[in-house]
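Since the structure comes first, as structure tokens, the remarks are kept for the end.
Both counts, for ligands and for their atoms, begin at 1 and track the order of listing.
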Amino acid sequence: MERARIPPGQGVTKGWPLLHVGSVPEVPPERWRIVLGGALARPVELAWHEFLALPQTRVRADFHCVTGWSKLDNDWEGVRLEELARRFGLAPAARFVRFADPQGYDTTVPLALALSEGLLAHRHGGAPLASEHGGPVRALVPSLYAWKSCKWVARVEFLDTEALGFWEQRGYHNGADPWKEERLV
Ligand SMILES: Nc1nc2c(c(=O)[nH]1)N[C@H]1C(S)=C(S)[C@@H](COP(=O)(O)O)O[C@H]1N2
Ligand SMILES: [Mo]
């Protein structure tokens, strides 16, 4: 059977709702940094121009928030996690990837999924990603509920064990698969 266009319990939104805890950080590109660490052979901190010099990938994907809205056909552009893992050397122990913002929001996804579809996105719909949607750079893991797509990502950590992030410590399902409605534990 062909699968439905949107996961169960979701409704399509035309706009783009804003959803986050805390305030919107405004980071000028010259001050922006991202730290890549944990189970990596060559941990690194990248500045904006270094990040933009990495190979860029375009992804078209739907975006599903656990509160019930789905935003279809988003065009994202950024750097694949797979590219970062290859370039900076994944340690064999790595099993998960944790994304964190500077304000205490974090979330973790399985390594295989991060490598197959994870993006550090800095453009959406052909324009720079707006700061309220996580710009300059947010994580994107489109096949999971949108709380797994960490806005204002400042740290990417490769982990050898599973970890619970901000919402997962508050009862959200760490799997976060919208097709299985992995909403709450
Ligand atoms: N840093 C950070 N990232 C976050 C959140 C947050 O509170 N802080 N909220 C998550 C949730 S619950 C959703 S639905 C999406 C919403 O992204 P949007 O505001 O761009 O629609 O961001 C996710 N990423
Ligand atoms: Mo959400």
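Under the 3.5 Å distance criterion, the side-chain polar atoms of Gln10 are matched with a main-chain donor or acceptor of Cys65. A donor-acceptor pair under 3.5 Å links the side-chain atoms of Trp152 to the main chain of Ser131, judged by distance alone. Counting only distance, with no hydrogens or angles, the side chain of Glu82 and the backbone of Leu115 share no donor-acceptor pair below 3.5 Å.
Between atom 15 (C) of ligand 1 and the options Arg138, His133, Lys148, His20, the minimum heavy-atom separation is to Arg138. Scanning Glu132, Lys151, His124, Lys71 for the heavy atom closest to atom 3 (N) of ligand 1 points to Lys151.
Counting the atoms of ligand 1 from 1 in the order shown, those under 4.0 Å from a heavy atom of Trp16 are 18 (P), 20 (O), 21 (O). Atoms of ligand 1 lying under 4.0 Å from any heavy atom of Cys65, numbered from 1 in the order shown and given with element: 14 (S). Which parts of ligand 1 touch Leu18 is read off a 4.0 Å heavy-atom cut-off, strictly below it: atoms 19 (O). Of all the atoms in ligand 1, the ones that sit under 4.0 Å from a non-hydrogen atom of Ser149 are 22 (O), 23 (C), 24 (N).
For ligand 1, the polar-atom distance check finds no N/O of Trp69 at less than 3.5 Å from any of the ligand's N/O atoms. Below 3.5 Å of separation, one finds an N or O of Val21 facing an N or O of ligand 1. By the 3.5 Å distance cut-off applied to N or O atoms, Trp167 is not counted among the residues near ligand 1.
The shortest distance between side-chain heavy atoms of Arg155 and Ile34 does not fall below 4.5 Å. By the 4.5 Å heavy-atom criterion applied to side chains, Val141 and Phe99 are counted as neighbours.
Ion pairing between a basic and an acidic side chain is recognised when a charged N comes within 4.0 Å of a carboxylate O; Asp160 and Arg95 show no such pairing.
No more than 12 heavy atoms of other residues, nucleotides or ligands shown are found within 6.0 angstrom of CZ on Arg58.
Remark: distances from the non-hydrogen atoms of Cys150 to ligand 1 include one below 4.0 Å.
What sits closest to atom 11 (C) of ligand 1 on the protein, heavy atoms only, is Trp147 CA, 3.7 Å. Atom 21 (O) of ligand 1 has its closest protein heavy atom at Pro17 O, 2.8 Å. Atom 23 (C) of ligand 1 has as its closest protein heavy atom Ala146 O, 3.3 Å. In terms of protein heavy-atom proximity, atom 16 (C) of ligand 1 is nearest to Leu19 O, 3.5 Å.
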Residue pair Thr107, Glu168: steps toward the side chain to side chain donor-acceptor pair (under 3.5 Å) verdict
CA-CA 8 Å; Thr107 190; Glu168 294 86 355; 2.7 Å; yes

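Counting heavy atoms closer than 4.0 Å to ligand 1, residue Trp152 contributes side-chain atoms (C-beta onward) but none from N, CA, C or O. Within the 4.0 Å heavy-atom criterion, neither part of Tyr145 lies near ligand 1.
Ring pair Trp179/His64 is perpendicular by interplanar angle, where above 60° counts as perpendicular and below 30° as parallel.
For Glu50, there are no side-chain hydrogen bond (donor to acceptor under 3.5 Å, both in side chains) partners at least two apart in sequence or on another chain.
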